[in-house]
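So that the names make sense, note that chain A is the first sequence line, chain B the second, and so on, each numbered from 1. None of these values were measured; they are calculated from a predicted model.
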There are 2 protein chains.
Amino acid sequence: MRIGELAERTGTPRRLLRYYEEQELIMPTRCANGYRDYDERFVDRVVQIRGLLDAGLPTRIIKQILPCLDKPRVIHFKDATPEMLATLEGELDRMNHRIACLTRNRDAIEEYLEVVRRSKAPEPSAPGGR
Amino acid sequence: MRIGELAERTGTPRRLLRYYEEQELIMPTRCANGYRDYDERFVDRVVQIRGLLDAGLPTRIIKQILPCLDKPRVIHFKDATPEMLATLEGELDRMNHRIACLTRNRDAIEEYLEVVRRSKAPEPSAPGGR
DNA sequence: TCGAACCATCACATAGATGTGAAGGTCAAA
DNA sequence: TTTGACCTTCACATCTATGTGATGGTTCGA
């Protein structure tokens, strides 16, 4: 598939698909005429990249962890250097931290919304609703 | 407390404390001489802000949700406009999405690390370890 | 063969969070 | 009273992810 189709299927501007390639997050092949050629797997991959970016990870880190997330699980021992493992452990920590922070705040927002809803919509009739 | 102490206690550059103020995330009072004067509660608040920023929320959004997260829980009905509630619902969605994405990828990294550890450290002696 | 709709590269612009430094005021201790 | 460690504002720089547009090649259907 060419860049236009991938862009549409992932809801990602072409510009960014090229940018992710420049950052070496995705490496499409090229057709004879120079057009980028993406295979089916890039759809999920791009969605995953965008999710991680949105969650605050920089491309530099995403580039490092992506190869470890491939399924079927294949361990690229070339990548599994001690430094790489340390990086991953570090990122794991940071991600756990982020998750905890987001969860805490999400719960607080949820609680707030519930309190507001209860005070604003006291459902005066039909008390035994549901 | 003045900006230097807050900076040290939260591990945040002074520059950023001023920036958060400019973005109206924190509003310290001023001493007679013009120095910013932070009370104890700003410590937690700043840590919370940094956590949210790190998790990918922009200051614009953080500014909106912070007042809803105050404890003890106080509903500022001035803030509870329909638009505000819609914003919160939207942010809630986005946060859930982020959490799901981070969790999924964190689990994948964790699994990867476990597989690598098993293959690299087969603990040759003491087979019945633990 | 022409035009529309793709594609390519390149370059410059923007927005948000952050770094850095200049120029100067305040204050306490030596 | 001077020095050093704070503080102030202001301004410009940087990095990352993104927007936007110029310029030109390819392909395909009318």
Side-chain angles (χ1 to χ4, degrees), chain A residues 1-39 42 45-66 87 91 94 97-98 101-102 105, chain B residues 1-39 42 45-66 87 91 94 97-98 101-102 105:
Chain A
M1 117 189 50
R2 284 174 311 175
I3 199 170
E5 186 180 342
L6 184 61
E8 199 166 338
R9 288 177 61 184
T10 60
T12 307
R14 291 159 176 74
R15 170 72 174 88
L16 289 186
L17 295 175
R18 300 197 184 99
Y19 173 69
Y20 299 153
E21 177 178 348
E22 188 185 307
Q23 301 303 306
E24 296 173 275
L25 301 185
I26 49 180
M27 286 307 194
T29 54
R30 295 291 180 132
C31 301
N33 59 14
Y35 288 11
R36 289 172 177 81
D37 185 32
Y38 301 91
D39 87 45
F42 282 100
R45 159 109 354 172
V46 168
V47 169
Q48 185 180 28
I49 289 171
R50 305 216 91 208
L52 289 170
L53 277 173
D54 179 62
L57 280 78
T59 53
R60 177 179 44 84
I61 296 299
I62 296 176
K63 176 184 168 185
Q64 290 190 288
I65 70 180
L66 269 185
T87 298
E91 262 336 285
R94 293 171 55 79
H97 203 255
R98 256 180 261 246
C101 174
L102 277 170
N105 285 287
Chain B
M1 108 190 58
R2 284 174 308 176
I3 199 170
E5 186 181 342
L6 184 61
E8 199 166 340
R9 287 178 60 185
T10 60
T12 307
R14 289 156 176 76
R15 170 72 175 89
L16 290 187
L17 295 176
R18 300 199 183 98
Y19 174 68
Y20 299 154
E21 178 178 347
E22 188 185 306
Q23 301 303 306
E24 296 174 273
L25 301 185
I26 49 180
M27 287 306 193
T29 54
R30 297 288 180 136
C31 302
N33 59 13
Y35 289 10
R36 289 172 178 80
D37 185 32
Y38 301 91
D39 86 44
F42 282 102
R45 159 108 357 174
V46 168
V47 169
Q48 186 180 28
I49 289 170
R50 304 217 91 207
L52 289 170
L53 276 173
D54 179 61
L57 279 78
T59 53
R60 175 178 46 84
I61 296 298
I62 296 175
K63 177 184 168 186
Q64 289 190 286
I65 70 180
L66 270 185
T87 298
E91 265 332 289
R94 293 171 55 77
H97 204 255
R98 257 180 262 245
C101 174
L102 277 170
N105 285 286

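Scanning for side-chain contact (heavy atoms from CB on, under 4.5 Å) contacts around Arg60(B) gives Pro58(B), with sequence neighbours left out. Taking Glu21(A) as the reference, Ile26(A), Met27(A), Pro28(A), Arg30(A), Arg36(A), Tyr38(A) meet the side-chain contact (heavy atoms from CB on, under 4.5 Å) condition, with sequence neighbours excluded. Under the rule for a ring-ring contact (aromatic ring centres under 6.0 Å, His included), Tyr20(A) has no partner lying at least two apart in sequence or in another chain.
The stretch residues 17-30 of chain B touches DNA chain C through Tyr19(B), Tyr20(B), each having a heavy atom under 4.0 angstrom from the strand. Contacts between residues 45-54 of chain B and DNA chain D, defined by a heavy-atom separation below 4.0 Å, involve no residue at all.
Distance, Glu5(B) CD to dC6(D) P: 12 Å, rounded to whole Å.
Checking the phosphate oxygens (OP1, OP2) of dA17(D), a side-chain nitrogen or oxygen of Thr59(A) falls inside 4.0 Å. Contact annotation: Arg36(B) side-chain N/O to dC7(D) OP1/OP2 distance is not under 4.0 Å. An OP1 or OP2 oxygen of dA17(D) is reached within less than 4.0 angstrom by no side-chain nitrogen or oxygen of Arg60(A). Distances shorter than 4.0 Å separate none of the side-chain N or O atoms of Arg15(B) from OP1 or OP2 on dT20(C).
Between the side chain of Asp37(B) and the backbone N or O of Met1(B), at least one donor-acceptor pair lies under 3.5 Å.
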Any N/O pairs under 3.5 Å between the protein and nucleotides 27-29 of chain C? List them or say none.
| from | atom 1 | to | atom 2 | distance (Å) |
| --- | --- | --- | --- | --- |
| dC27(C) | OP1 | Asn33(B) | ND2 | 3.2 |

